[in-house]
Amino acid sequence: MLSKVLIANRGEIAVRIIRACRELGIRTVAVFSEADRGSLHAQIADEAVCIGPAATKDSYLNINAILAACELTGADGVHPGFGFLSENAQFAKTCRRCGVAFVGPNAESIEMMGDKARAKDTMKKAGVPVVPGSDGIVRTLEEAYEIADGIGYPVMVKASAGGGGRGIRLVNDESELENAIVTARQEALQFFGNDEIYMEKFIVNPRHIEIQVLADQYGNVVHLGERDCSLQRRNQKVLEEAPSPVMTEELRARMGEAAVKAAKACGYWNAGTVEFLVDNSSNFYFMEMNTRIQVEHPITELVTGVDLVKQQLLIAGGEKLSFRQEDVRLTGHAIECRVNAENPKFNFRPSPGKITALHLPGGPGVRIDSAVYQGYEITPYYDNMIAKLIAYAPDREQAIMKMKWALAEFLVEGVDTNIDFQLSLIRDPDFESANYDIGFLNRKNVMN
Ligand code: ADP
Ligand code: ADP
Ligand code: MG
């Protein structure tokens, strides 16, 4: 069992991890940048260490500074949260070398899954269905034209090191291919320091359905059902729900089995998410595996009753999974809305600034994961998420009703938010009838 964990992250996920540690009797160390002196995670942890200036490369991505903070405080584990160093195999390896447990999978599985082109190849060999596309990395333009002709337009160009919706381009026909490759490579180089790309068929109007898995260090793997994350803007998730309104027992069993197979194929342990595209004939295709805790993990916690962050900490401490697949039961319905400081009327431009007044909704079945408070200043340096608002009820209809009122009660002054946009979405008749796919928010202006 770990005794002291350093949280190499900030914001709501750092707070979420600190809470899980406390309940397990694990002491906590927060790290913060100079721009985050007043942040909640630095205040509620047992200890807090400043690791550098605001720029992420000097603080939250600074491996040496983070490991120095471990040594200084005697932390025996590091939880990376999501984003930042969470999928950095080098960081996981360095922790291991320094004798600090990385609360995540081993570095080799991160490496394997982080290279999305290679991950697809491994999945194909393991018998998991994948989106048809290039065999690995595409190197030349000639090769790209040939592959696109083979799979047929439209196609997608994707950064092999990608994440967070970056480095992805849709190509409708031959004339767009060259430009898409150039811009995807540029963006990939800028964000991931790696310009390798691969290509796959563009699946028309699928749903994004992902399976949560938990695996211990002894080869035990279970899945905890799915999350429907089809409501996206620019390939970034906006609202998620569990279970998926289009799921059947039979499809869940098949997708769950595929996800477990995926985890086993890379010797995985930790919490992990296997993302699939599902077409309207219920064919599903592996897209990628995220080897970390996911932003939208709370909706799975609510429908399964399993605390995923505690499970991560127990697994990293060498515990065996305490339950089996047949013990996992899904009950009720959960919806998460990501509330961001941004202005939907101006193309969702970020709106940093000071929160001058704040009222958070509450009541039975309403959960808020957040790190803001009245007087808190949202800095332009990092993610602009204010809170995750999660509603849980016995069925979908009641969860929607609860979410409507929770959004209506949510009050933030001083910065612009997307709360009205989320309200329009949750009231949309097509959302209510679950008639949506990943293209929905691009086709329809829900605010009109
Ligand atoms: P999820 O499936 O959990 O929603 P996302 O792909 O949206 O995952 O990414 C999760 C978080 O990680 C987001 O906060 C996103 O901004 C951040 N993120 C993703 N990729 C990167 C990256 N390469 N560098 C920094 N942050 C990233
Ligand atoms: P990231 O690593 O940035 O999360 P993903 O590979 O998970 O990238 O893709 C992000 C989103 O882009 C998906 O959730 C989906 O909406 C869309 N997408 C990705 N690949 C395809 C595809 N082949 N066809 C259609 N949509 C896709
Ligand atoms: Mg993804």
So, for Asn418 and Pro344, which heavy atoms are closest and what is the spacing to 0.1 Å? CA-CG, 4.0 Å
Quick one, Leu407 and Leu389 - any side-chain contact, counting heavy atoms below 4.5 Å? yes
Close side-chain approach of Leu441 to Leu231, heavy-atom, < 4.5 Å: yes
Does Arg233 make a cation-pi contact with Phe348 (under 6.0 Å, within 45 degrees of the axis)? yes
More than 12 non-hydrogen atoms from neighbouring residues, nucleotides or ligands closer than 6.0 Å to CG on Asp279, yes or no? yes
Is it the case that atom CD in Glu397 sees more than 12 heavy atoms from other parts of the structure closer than 6.0 Å? no
Between Arg207 and Pro245, which heavy-atom pair has the shortest distance, and what is it? NH2-CG, 3.7 Å
More than 12 heavy atoms of other groups within 6.0 Å of Lys345 NZ: no
If we count only N and O atoms by modelled type, under 3.5 Å, do the side chains of Arg227 and His297 hold a donor and an acceptor together? no
Quick one, His208 and Gln232 - any side-chain contact, counting heavy atoms below 4.5 Å? yes
Determine whether Arg166 and Phe192 make a side-chain contact, defined as any pair of heavy atoms from C-beta on separated by less than 4.5 Å. yes
Are more than 12 heavy atoms from other residues, nucleotides or ligands located less than 6.0 Å from atom CE of Met401? no
Taking the six-membered ring for Trp and the single ring otherwise, decide whether the centroids of Tyr60 and Tyr382 are under 6.0 Å apart. yes
Within the side chain of Ser433, is there an N or O that forms a donor-acceptor pair under 3.5 Å with the backbone of Pro429? yes
Using a distance-only test with no angle check, is there a side-chain donor-acceptor pair under 3.5 angstrom linking Asp395 and Gln398? yes
In terms of heavy-atom contacts, Phe82 and Ile293 come closest through CB-O, 3.5 Å
Side-chain ion pair, Glu111 and Arg118, N-O less than 4.0 Å: no
Provide the closest heavy-atom pair for Val15 versus Ser370 in the form atom of the first, atom of the second, distance. CG1-O, 4.2 Å
Taking all heavy atoms of Phe284 and all of Val278, pick out the closest pair and write down the distance. CB-CG2, 4.0 Å
Between Lys116 and Glu196, does any NZ, NE, NH1 or NH2 come within less than 4.0 Å of an OD or OE carboxylate oxygen? no
Give a yes or no on whether Glu249 atom CD has more than 12 heavy-atom contacts from other residues, nucleotides or ligands under 6.0 Å away. no
Do you know which of Ile299, Ile390, Asp228 makes side-chain contact (heavy atoms from CB on, under 4.5 Å) with Glu240? Ile299
Are side-chain heavy atoms of Ile419 and Phe410 found at a separation under 4.5 Å? yes
With a cut-off of 6.0 Å (strictly less than), are more than 12 heavy atoms of other residues, nucleotides or ligands near CZ of Arg443? yes
Tell me, yes or no, whether the heavy-atom count around Arg427 atom CZ, taken from other residues, nucleotides or ligands under 6.0 Å, exceeds 12. no
Are there over 12 heavy-atom neighbours, none belonging to Glu108, within less than 6.0 Å of that residue's CD? yes
Indicate the atoms forming the closest heavy-atom contact of Ala399 with Ala393, along with that distance. N-CB, 3.5 Å
May I ask you to test the Leu177-Val157 pair for a side-chain heavy-atom distance under 4.5 Å? yes
Ion pair present between Arg349 and Glu342, side-chain N to carboxylate O less than 4.0 angstrom? no
Is the distance between the ring centroids of Phe431 and Phe440 less than 6.0 Å? no
Less than 4.5 Å apart, side chain to side chain, heavy atoms only: is that true for Glu336 and Val295? yes
So do Gln217 and Lys320 actually touch side chain to side chain, heavy atoms under 4.5 Å? no
